[in-house]
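Side chains are part of it too, since the values below use all heavy atoms of this structure and drop only hydrogens, waters and symmetry mates. Every chain is numbered from 1, with letters handed out A, B, ... down the list of sequences. Predicted model only: the values in this text are computed from it and were never measured.
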Protein chains: 2
Amino acid sequence: MVNVGKPAGGRSGRPRAGEERLSRQTILDAALRIVDDEGLEAMTMRRLAATLGVNPMSIYHHLPNKAAVFAGLAELVFADLNNTSRAEATTSRKAGREVPVRRSAGRSPGASTPTRSGGDRWQDELMNAAHAYRNALRAHPNLALQVLADAAAVSEVVVLTVEPFYRALDRAGLTPRQIFEAVNTLIDFIHGFSLGEASVRADTFELAPDLLERVSKLQPGQAPTLTRIVEELGADGLHYEFDDGFETGLSLFVAGIGARFGR
Amino acid sequence: MVNVGKPAGGRSGRPRAGEERLSRQTILDAALRIVDDEGLEAMTMRRLAATLGVNPMSIYHHLPNKAAVFAGLAELVFADLNNTSRAEATTSRKAGREVPVRRSAGRSPGASTPTRSGGDRWQDELMNAAHAYRNALRAHPNLALQVLADAAAVSEVVVLTVEPFYRALDRAGLTPRQIFEAVNTLIDFIHGFSLGEASVRADTFELAPDLLERVSKLQPGQAPTLTRIVEELGADGLHYEFDDGFETGLSLFVAGIGARFGR
DNA sequence: ACCTGAACACCGTTCAAGT
DNA sequence: ACCTGAACACCGTTCAAGT
């Protein structure tokens, strides 16, 4: 199965230049590919070396250990997010490697919100930030758990990530303290949501989508309210869509800001 | 360091009866102790066997593999939660093993909410459910990630866990669909929050508590709004307490329910 | 039924050596 | 500077054998 060949076939999308050298970037690209295709635990140092057509120890010359590889992958995810959300900003282009701009499904693809009057601009801005964040985590389901557990390790790039949230809520007129608290809460929600979503996509089940089946297996009287509510909902009502769930959560949150902070 | 002795000293709190036999329960207890004391990755099958004073292979007679051990641990966490939140319910007591009732720090330890009039009962009920859930995850920080990633594997016991949330929101008068959506959102928030909290307690940093230091290292103009807001807050304003953060999140959520669903 | 010993097919990482 | 081979100290798990 595993092709431990000579100097690695040109598997990745990148065109191999005449010079084929090992670098932090090529290593991380290969690692990401393994994680995406075969899951977290398939990503071993030896396997990584094999797909690069290189001795396992060569990797240690560019990254100090396996943890650093995973930290590097987490960083990639956030970097992707930052580059995606301000595709137009006047940034001095980083050397090499353009990050492909992924577009969220539901929204208009062109310029940001076409001239609309109304006063609900900050809500849209906040929604956009939230969707971009979710999409970045969703792009690599197998990596999500690692990213969320390791967000710490990625300092700068993670901090940049919250700027759009701050901007939206600043525009909404909240106080600094309110902004700080609201952003923390919203990001916690997105993390929890994405964790559930990633679990389902990876392989297993999750609470929301499976509730009906599980409740039916309960002994009578173990969870009376839950049982009754689920029955009232019926099979149709329980059909779960992650997209809807995310939207609902966001709108609940926006409504909360309005009510608590008088917006 | 590791004491690989004869038939295992009486390390666990349980009194060793004359008969010292291996069982699913003793294995899981030992595993939980290793995870709590030394972290997830210290919990290897061989290490577990050593602390039980037993051959590694003996374990496989009671649990099919390592994944099953972790699933069992996740189940313990949720079982703990269920037993804690209805300490008084008339349940036929399960054979053996009483789960110690952990009490949350901030609240009055006695009977639930002493006779209070007012119409805000459901809010308190919801808060209590949320705190109990958070506390269960907080009781074993090293396990939190595993639990959240694996909640799926633990079917029945996880389902029971949401009953208090359903009861509170049913009392609030929401429709079944609204309850379903609100509970999903709230639990996602708690998961995300607990993930962050567990990461900090385990070893690393996290966004909220560390924001100030990190923002100061940003290049000028990289995140203008964030930078300005953080400066306005100042060092004092940014001091982060998880307890406050959780309370804020909950109240934002409760306010959202009020505003969206007219309660 | 429950436990064991030896073995298999892996790991991450150190270290001394090659070019 | 960058890469390698051999080795060390581990893993999870299978399998045939013991009582």
Taking only residues two or more places apart in sequence, or in another chain, which ones meet [X] in a side chain to side chain donor-acceptor pair (under 3.5 Å)?
X	answer
N65(A)	none
T185(B)	none
Y60(B)	none
T26(B)	S23(B)

Between the protein and nucleotides 5-8 of chain C, which nitrogen or oxygen pairs are less than 3.5 angstrom apart?
unit_1, atom_1, unit_2, atom_2, d
dG5(C), OP2, N55(B), ND2, 3.4

Write down the distance between [atom1] ([X]) and [atom2] ([N]), rounded to a whole number of angstrom.
X	N	atom1	atom2	result
L48(B)	dC11(D)	CG	P	12 Å
R47(A)	dG12(C)	CZ	P	12 Å
L40(A)	dC11(C)	CG	C1'	16 Å
L22(B)	dT4(C)	CG	C1'	13 Å
L52(A)	dT4(D)	CG	P	11 Å
I59(B)	dT13(D)	CD1	C1'	12 Å
Y60(A)	dA16(C)	OH	P	17 Å
M45(A)	dC10(D)	CE	C1'	16 Å

* Which of parallel (below 30°), tilted (30 to 60°) and perpendicular (above 60°) describes Y240(B) and F242(B)? -> perpendicular

Can you sort out the partners of [X] under side-chain contact (heavy atoms from CB on, under 4.5 Å), two or more places apart, ordered by chain and number?
X	result
L63(B)	R24(B), I27(B), L28(B), A68(B), V69(B)
A144(A)	A198(A)
A129(A)	P164(A), F165(A)

* Atom P, compared across dA9(C) and dA9(D): separation rounded to whole Å -> 22 Å

* Sequence neighbours excluded, which residues qualify as salt bridge (charged side-chain N to carboxylate O under 4.0 Å, His left out) partners of E38(B)? -> R47(B)

* To do: Check salt bridge (charged side-chain N to carboxylate O under 4.0 Å, His left out) between D243(B) and all other residues, then give those that pass, not counting sequence neighbours.
  => R134(B), R138(B)

* Below 4.0 angstrom from OP1 or OP2 of dC11(C), is there any side-chain N or O of T44(A)? -> yes

* Asked: Using a cut-off of less than 4.0 Å, is there contact between a side-chain N or O of S58(A) and OP1 or OP2 of dT4(D)?
  -> yes

* Dot-bracket for DNA chain C: what is it, with Watson-Crick or G-U pairs under 3.5 Å, [ ] where a pair crosses earlier ones, and | for a pair to another strand? -> ||.|||||...|||||.||

* To do: Examine H131(A) together with F246(A) and report whether their ring centres are nearer than 6.0 Å.
  => yes

* Asked: Counting only non-hydrogen atoms, which of residues 61-68 of chain B are less than 4.0 Å from DNA chain D?
  -> N65(B), K66(B)

